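The structure appears below as structure tokens.
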Amino acid sequence: MINKKVNSVKEATEGISDNMTFMLGGFGLSGIPENAIKALVDSNIKELTCISNNAGVDDFGLGLLLKKRQIKKMVSSYVGENDEFERQMLSGELDVELIPQGTLAERCRAAQAGFPAIFTPAGYGTEVAEGKEVREFDGKMYVLEHAFKADFAFVKAWKGDDAGNLIFKGTARNFNPVMCGAATITVAEVEELVPAGTLDPNQIHIPGIFVQRIFQGKDYEKRIEQRTVRVRE
Amino acid sequence: MINKKVNSVKEATEGISDNMTFMLGGFGLSGIPENAIKALVDSNIKELTCISNNAGVDDFGLGLLLKKRQIKKMVSSYVGENDEFERQMLSGELDVELIPQGTLAERCRAAQAGFPAIFTPAGYGTEVAEGKEVREFDGKMYVLEHAFKADFAFVKAWKGDDAGNLIFKGTARNFNPVMCGAATITVAEVEELVPAGTLDPNQIHIPGIFVQRIFQGKDYEKRIEQRTVRVRE
Amino acid sequence: MLDKIGIAKRIAKEVQDGYYVNLGIGIPTLVANYVRDDIEVEFQSENGVLGMGPFPFEGEEDADIINAGKQTITTLPGASFFDSAMSFSMIRGQHVHLTILGAMEVAENGDIANWKIPGKMVKGMGGAMDLVASAENIIVAMMHTNRAGESKLLKRCSLPLTGVGCVKKIVTNLAVIEVTDKGFKLLERAPGVSVEEIVKATEGQLTIDGDIPEMTI
Amino acid sequence: MLDKIGIAKRIAKEVQDGYYVNLGIGIPTLVANYVRDDIEVEFQSENGVLGMGPFPFEGEEDADIINAGKQTITTLPGASFFDSAMSFSMIRGQHVHLTILGAMEVAENGDIANWKIPGKMVKGMGGAMDLVASAENIIVAMMHTNRAGESKLLKRCSLPLTGVGCVKKIVTNLAVIEVTDKGFKLLERAPGVSVEEIVKATEGQLTIDGDIPEMTI
């Protein structure tokens, strides 16, 4: 068993520096690597490019990095719910590349799986396809989209083991699995880190080979954006 | 819940006919859809094209269909261990297209996921790439390979529920998940069929949306090709 | 004339037995409440869940179980969770049968614009571009006109497109309209709405073929 | 001169701490038996398992747990099972560090032929083409010459190729040879084998730089 366990978020984020490109898992505030984000904020590194489906809210998630102006560019599919983001974007301080959500997922997966590019129908005929190669297959048009390149991927899982194996919970899974192994170094933080051999090999969502460092996260806030409930009758 | 359960392999294979293209899960004899194969043999349909990593052995798996000369063409990565296959291939009765194993998997997955084609490095510079488009990305050469089209996919899972959700066991998983939803109709047979709500939604390998029909298989032989053991000291 | 709930109720009638359905934010989300009880339908949300149920009871919300609108949800028996790549495999691979979403503009050729207004803050397209480029059956839920009273059913979209030639049907506060090779075709009038009112509110080519029935919801 | 086990033992020394390794059928499979105990290594098999262990005890074989050679196996703590697409993601995405496989021919430019002999029954390439097109580090385990005594280390391969310019190192019964920009380079001699014997058995360009040490296994 190849041991991926590190003892702190500090050790897990060793090697981060200015101008790097990061992938960050999560959808909205669900399944975001809370510990890694805090460490990035504390590190004061800047001029970052962040590939993440969303950009957090003003006081949580990637919003914390935006507030300290550490991010140069966001690559996302949806960036609402964040006033500071809006201010920086409209003022031109922040570069934003918006891409379709499925394309975002598959450009990560392409990097993970060693594919240089994919043909997707998403965005054909729209400004997303401008300047890109398009091609017809069987009468339908597709856009050529390239695999991402990133220095670090920061993901959050529910359970993990020393071998780097990961299991996600519910919709907190989202982009986390497709980002594993899609960057030079994948850092996984988990709510519960167990010894190798504890998890069922049949029920691993992401095998440890896609993960370089794993650590036990702490103080998870797991904030809810839209608390919708029904009344018990 | 959309109910995918059918009561017999007969019902599950309704609509099969001569000249169709089938995908069949399994690696060697592990994880093959034993019940569906027997039904295909009994149906006497012929001129079939079978996409399957292997071609079974003389008296089991796809070998049973070969013996009755129901197969016109095999699309596989490895076809050893089968004398009748060899005889038909060398005599020209059987058309065989050999493609790299990873390409086979990904051409299934492309069909499942709505991608028309993929760029893979496998086979570049070899006869596998002859007549195909090749392209350089970042200094490396890739071959353009197209998504498969098939009429039926026959897969075998360990557990399944009425909603068509599937869980596989061990390396019997292999090609089964990537073939689900990669054909017009996906037929899943399972060792244990349970009511919807029984399986943990977090631990489903293939969601039921990729499966059109599911049935409780029976009399699984699960033959071992190479029984390798060590002696207890 | 229909209100938002009326639009949702009318669209709910388009949902057929055995359908996997993706619902956009807003009016489309309401559709789930009005689907007939006697058919089997499953709702997919592109953030990674199939088999969504109602909102949780108070105190049972789980930050790890949300829909694409970031709302806390529950799941029904037979549900499953999966990653973003598999989620869009369902969509791109046309395993999801029906997509219902809102729009700012629809053109008579089926083009849709629903993600960007130049000069305003752009929040992004989320999964909309994947959905409209992939789904075989796309129904748009929207008001027939904008706040300025201008038609949203146009000859050509003026806003940046989300997808081209993809919308199959539009249900508005005034009408049910099909998108055909020859442009919009009026299928049904909302209760109390005349054909003339619909014609007036529709900028794009609108075919009216015989008597147009009033819809039942 | 080395026997098959000797070749496996020598290759085992190439396996480094933290490596994920894919072993082909034949001599490569034996390598697992000789890897040092004090390093962490995991073996991947392309049919869908990472963290392979030894063969099962008699009576504990499981038809659902096999390797790519269709042999019954066991798994070690930290193992995982996955589908064929993910398995080749590991390979194509270069997450597997080292591939060890057999060959019929290797050319001085790193081309490899190991799947097809024209006129003979062709069994197929299995995962070999994916492996050689993807792996950063490919070591070939083979005899230096064929049964007819002809060199298998050639100027150009005569058989249909499995992959181009991919082999990094070759361990034979006679020598350890590196594939460089300038062709084969002799690194080590097998015990009791002279440089002359190796030169004679090698058809391709072979660089001999200074004293060539005898290998230790």
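Only a predicted model underlies this, so the values are computations on that prediction, with no experimental measurement involved. Naming: A, B, ... by sequence-line order, numbering from 1 per chain.
In terms of non-hydrogen atom pairs under 4.5 Å with chain A, the most contact-rich of C/Ile66, C/Val164, C/Val49 is C/Ile66. If you tally non-hydrogen atom pairs under 4.5 Å between each of A/Lys140, A/Lys169, A/Lys222, A/Arg109 and chain C, the highest count goes to A/Lys169. Of the listed residues (C/Leu161, C/Asp64, C/Asp62, C/Thr74), the one with the most heavy-atom contacts under 4.5 Å to chain A is C/Asp64. Ranked by heavy-atom pairs under 4.5 Å with chain A, the first of C/Gly126, C/Gly127, C/Ala133 is C/Gly126. For the set A/Asn54, A/Asn53, A/Ile224, the count of heavy-atom pairs under 4.5 angstrom toward chain C peaks at A/Ile224.
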Exercise for review: Kindly indicate, with the supporting measurements, whether the criterion side-chain contact (heavy atoms from CB on, under 4.5 Å) is fulfilled by C/Lys70 and A/Phe27.
Suggested key: CA-CA 8 Å; C/Lys70 283 104 177 178; A/Phe27 180 92; 3.8 Å; yes

Practice item. Could you go through the side-chain contact (heavy atoms from CB on, under 4.5 Å) check for C/Gln71 and A/Glu225 one step at a time? Key: CA-CA 7 Å; C/Gln71 297 172 313; A/Glu225 277 184 85; over 6 Å; no

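Of the atoms belonging to C/Glu60, it is side-chain heavy atoms, and not backbone ones, that fall under 4.5 Å from chain A. Within the 4.5 angstrom heavy-atom criterion, no atom of A/Tyr142 approaches chain C. Contact annotation for A/Glu106: only side-chain heavy atoms (C-beta onward) come within less than 4.5 Å of a heavy atom of chain C. Contact annotation for A/Glu191: only side-chain heavy atoms (C-beta onward) come within less than 4.5 Å of a heavy atom of chain C. For A/Ile99, the part lying near chain C is the backbone, with the side chain staying farther off; criterion is any non-hydrogen pair under 4.5 Å. With a 4.5 angstrom heavy-atom cutoff, A/Val231 touches chain C only via backbone atoms. A/Asn82 does not touch chain C: none of its heavy atoms, backbone or side chain, sits under 4.5 Å away. The parts of C/Val122 that come within reach of chain A are both its backbone and its side chain, each placing non-hydrogen atoms under 4.5 angstrom from that chain. Looking at C/Asn67, only its backbone comes within 4.5 Å of chain A, counting heavy atoms on both sides.
Under a cut-off of 6.0 angstrom, the local environment of CE in C/Met1 is sparse, with at most 12 non-hydrogen atoms contributed by other residues, nucleotides or ligands. Within a 6.0 Å sphere centred on CD of C/Glu58, other residues, nucleotides and ligands contribute 12 heavy atoms or fewer. Atom NZ of A/Lys218 has 12 or fewer neighbouring heavy atoms from other residues, nucleotides or ligands inside a 6.0 Å radius.
Considering only residues two or more places apart in sequence or on other chains, A/Arg107 meets the side chain to side chain donor-acceptor pair (under 3.5 Å) condition with none of them.
Side-chain atoms of A/Met89 and C/Met121, non-hydrogen and from C-beta on, do get closer than 4.5 Å to each other. Proximity of A/Val128 to C/Met125: side-chain heavy atoms (C-beta onward) are separated by under 4.5 Å at one or more points. Inter-residue side-chain proximity for C/Glu61 and A/Thr228 is flagged as unmet; no heavy-atom pair is nearer than 4.5 Å.
Between the side chain of C/Thr72 and the backbone N or O of A/Arg227, no donor-acceptor pair lies under 3.5 Å. At distances below 3.5 Å, at least one donor-acceptor pair connects side-chain atoms of A/Ser30 with backbone N or O atoms of C/Ala63.
Heavy-atom proximity under 4.5 angstrom to chain A picks out C/Phe81, C/Phe82, C/Asp83, C/Ser84, C/Ala85, C/Phe88 from residues 79-89 of chain C. Heavy-atom neighbours of chain A within the stretch residues 16-40 of chain C, taken at a separation under 4.5 angstrom, are nonexistent. At a heavy-atom cut-off of under 4.5 Å, chain A is reached by C/Ser134, C/Pro160 from residues 134-160 of chain C, listed in order of number.
Atoms OG and CD, on A/Ser77 and C/Glu46 in that order, are 8.5 Å from each other to the nearest 0.5 Å. For the atom pair CD (A/Gln226) and CD1 (C/Ile73), the distance works out to 13.0 Å, reported to the nearest 0.5 Å. If you take NZ on C/Lys120 and CD on A/Glu86, they are separated by 11.0 Å, rounding to the nearest 0.5 Å.
Minimum interatomic distance between A/Ala122 and C/Asp130 (heavy atoms only, all atoms of both residues): CB-OD1, 3.2 Å. Between A/Pro121 and C/Arg92, the closest heavy-atom pair is CD-CD, 3.7 Å.
Judged by a 6.0 Å distance limit and a 45° cone about the ring axis, A/Arg230 is not positioned over the six-membered ring of C/Phe55.
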